[in-house]
Amino acid sequence: MANFTTMSGFLLMGFSGKPEIEMLFAALFLVLYIVALVGNILIITTTSMDHSLSSPMYFFLKHLSFLDLCYISVTVPRSICNSLMHNGYISLWECILQCFAFTLCGCAEMALLTVMSYDRYVAICLPLRYEVIMDISTCVHGLLAVWASGILGGVMHTAATFSIHFCGANIIHQFFCDVPQLLKLSCSNEYVGELGVSGFLSLVAFVCFISIGVTYMHIFSTVQRIPSAEGRARAFSTCLPHLSVVILFISTSVFDFLKPHSESPTVSDFLLTVFYTVLPPTLNPIIYSLRNKAMKIIIGRSYVLYLFK
């Protein structure tokens with residue numbers, strides 16, 4: 001029997017035992033990671049340097065991009081290195097840190113998307129009071145609450161997971177320290193406490209989802225009452241990118257959560273995991289850049305200035 005104090009580490013099985021397939025997925029992950037890196041850094045740089053993007057919406061967008069960078073960097077670089085080195089070993093403490101960081105980023109992103117939906121609600125439904133309600137103090141306190149919720153969720157999830165005893169082989173059938181795979185290594189029913197924590201965090205995520213849904217019901221109701229088509233289009237252009245990001249993040253997470261977990265995962269199971277670990281932070285900057293008119297203009301202007309510098 002191996003437990004929290006004696007187990008030295010785990011073996012991440014990755015996508016396949018065949019080196020050529022591992023290299024293929026390593027190349028795919030590298031491309032996606034570079035796209036995520038460039039896109040999110042571009043948004044962070046643009047929103048930080050351009051004074052016309054100093055509103056609370058872009059303040060939160062900048063931190064969403066930073067959070068996405070952290071989220072994808074927790075799992076993907078290590079997976080690429082493992083594939084290139086053909087060595088999936090990860091120490092116990094590295095696994096604990098990865099589990100904590102991944103949960104922290106996931107919880108914080110859900111909280112940040114909820115805060116961003118409130119910002120859009122105030123901007124569209126209460127435009128005359130927007131600057132009063134969404135002042136710098138509100139934005140900072142909202143951001144602190146986001147990171148506090150992420151840290152709390154990460155501590156609870158990680159502590160509950162690694163307080164159990166692990167029996168048998170220390171093989172994780174995933175490309176990172178995935179909690180459901182770790183629970184399969186537990187002795188008897190010691191994972192009941194972790195299921196309780198997972199249930200609580202799922203409930204909080206569900207409350208966030210309901211809050212976002214109710215918020216957008218009010219937003220769409222208000223937008224429909226705007227008399228001019230141009231005004232409705234402008235209102236939709238400010239909230240549709242955020243709504244698209246919310247749908248992408250929540251749908252991929254829920255799909256992976258609800259899908260049946262087999263005892264011997266297949267390549268398709270790994271790909272489904274990629275949907276919520278890699279795609280959201282990669283596509284979020286693209287969604288905001290393509291669907292937000294101000295972002296497109298400023299990024300395009302910056303690119304032209306760079307070419308003729």
Rounded to the nearest 0.5 Å, how far apart are OH of Y121 and CD1 of I212? 15.0 Å
Any side-chain donor near an acceptor of the partner, S73 and Y33, under 3.5 Å: yes
C70/C105 sulfur atoms closer than 2.5 Å: no
Do F25 and F175 have ring centroids that are under 6.0 Å from one another? no
Determine the minimum heavy-atom distance between L182 and I172, stating which atoms define it. CD2-CD1, 3.5 Å
For the SG atom of C208 and the CD atom of E109, what is their distance to the nearest 0.5 Å? 12.0 Å
Atom CD1 of I72 and atom CZ of F102: how far apart are they, to the nearest 0.5 Å? 11.0 Å
I'd like to check F10 versus I171 (side-chain heavy atoms, cut-off strictly below 4.5 Å). Are they in contact? no
Could you tell me if T161 and H157 have a donor-acceptor pair between their side chains, going purely by distance under 3.5 Å? no
Identify which one of Q224, R225, H218 satisfies the side chain to side chain donor-acceptor pair (under 3.5 Å) criterion when paired with S221. R225
Here the gap from F249 atom CZ to N284 atom CG, rounded to the nearest 0.5 Å, amounts to 9.0 Å
Taking the six-membered ring for Trp, are H242 and Y216 parallel (under 30°), tilted (30 to 60°) or perpendicular (over 60°)? parallel
Rounded to the nearest 0.5 angstrom, the CZ-CG distance for R120 and L240 is 11.5 Å
Which heavy atom of C99 sits nearest a heavy atom of T158, and at what distance? C-OG1, 3.9 Å
Is it the case that over 12 heavy atoms from other parts of the model lie below 6.0 angstrom from the CD atom of E94? yes
Looking at I164 and A160, what are the two nearest heavy atoms and their distance? CG2-O, 3.8 Å
M57 to Y130 - nearest heavy-atom pair and separation: N-OH, 3.9 Å
Minimum-distance pair of heavy atoms, taken over all atoms of Y71 and T277: CE2-O, 3.8 Å
Take atom CZ in F200; do more than 12 heavy atoms of anything else shown fall under 6.0 Å from it? no
Will you find, in the side chains of N82 and S79, an N or O donor that is under 3.5 Å from an N or O acceptor? no
